[in-house]
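Written out below as structure tokens is the structure these notes cover.
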Amino acid sequence: MMPNGIQKDISDSKKVIDFLELTHYTTVNIEKAYSDLTEEIKNANFDTGKSTYTTNTPARLRMTTLYGIAACYGAVVLNTCNLSEDVLGYSTFYGDSAGDFAPINKLTVAEVLDIGDYLGLPKDIVHKAPGDGMCGSTDEENLSKQLGFKFSYEKLDALIRGDVTVFTSDE
């Protein structure tokens, strides 16, 4: 688990750990690394208050942490992006889009949810609205603002899989 200070949804990570009955796990809090880096960048007269800084920098620090731990074990790091995110470019370069292999990069959000359900993972975790856990909004809310229309992964997934009828002229 890699919270940035106190993270309100860290209990979701613990719930998955308990569900999987993992006996070996650790917590690496990235708060000090994030605050020290932010202070240094501010001292160099850059604005660290922008949302792209505050949401993407922790994601990149988490990936750096994962690669550091993987190096200690001679292990590899997996990329957790799915096809729907990749189609939109809705990921953080050198954050969640980094990794040595990408086991779900050809699966849409809907297909990833189906796998979670099939495996019997906790429904509230599997069907939790996707979000970065830092800005307080869901991915769909953020994308709707950025794109200028109501966005949904459900419609994007249908379009990716060939159903071009999901968008009508009044949307």
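Below, all heavy atoms of this structure are taken into account, side chains as well, without hydrogens, waters or symmetry copies.
Rounding to the nearest 0.5 angstrom, the gap separating the CD1 atom in Ile6 from the NZ atom in Lys8 is 13.5 Å. Here the CD atom belonging to Glu40 is positioned 10.5 Å from the OG atom belonging to Ser35, to the nearest 0.5 angstrom. Lys42 contributes atom NZ, which lies 11.0 Å from atom CG of Leu37 (distance to the nearest 0.5 angstrom). Of the inter-residue distances, the one linking Thr65 atom OG1 with Arg60 atom CZ reads 14.0 Å to the nearest 0.5 angstrom. Between atom CG of residue Leu88 and atom CG of residue Leu156 there is a gap of 5.0 Å, rounded to the nearest 0.5 Å. Put simply, CG on Asn29 and CE on Met2 are 11.0 Å apart, with the number rounded to the nearest 0.5 Å.
Contact check for Thr57 versus Thr38: no side-chain heavy atoms found under the 4.5 Å cut-off. Side chains of Lys32 and Asn4 form no contact here, defined as non-hydrogen atoms less than 4.5 Å apart. In this structure, the side chains of Leu143 and Phe149 stay at 4.5 Å or more apart for every pair of heavy atoms. Two residues are said to be in side-chain contact when any heavy atoms from C-beta on lie closer than 4.5 Å; Ile115 and Leu107 meet this criterion. Residues Asp9 and Lys128 have side chains in contact (heavy-atom distance under 4.5 Å, counting atoms from C-beta outward). Between Val16 and Leu121, every side-chain heavy-atom pair lies at or beyond the 4.5 Å cut-off. Using a 4.5 Å heavy-atom cutoff, the side chains of Lys145 and Phe151 are not in contact. No side-chain heavy atom of Arg62 sits under 4.5 Å from any side-chain heavy atom of Val28.
Using a 3.5 Å distance cut-off with no hydrogens or angles, the side chains of Asn82 and Tyr153 do not pair a donor with an acceptor. Of the N and O atoms on the side chains of Asn56 and Thr92, at least one donor lies less than 3.5 Å from an acceptor on the other residue.
A continuous path of hydrophobic side-chain contacts links Ile104 to Val87 [ILVMFWY only; heavy atoms under 4.5 Å].
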Show, in sequence, the C-alpha distance, side-chain angles and deciding distance for Asn142 and Glu140, and conclude whether the side-chain hydrogen bond (donor to acceptor under 3.5 Å, both in side chains) test is met.
CA-CA 5 Å; Asn142 288 334; Glu140 290 181 344; over 6 Å; no
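In plain terms, the two heavy atoms of Thr27 and Pro3 that are nearest each other are CG2-CD, 3.7 Å.
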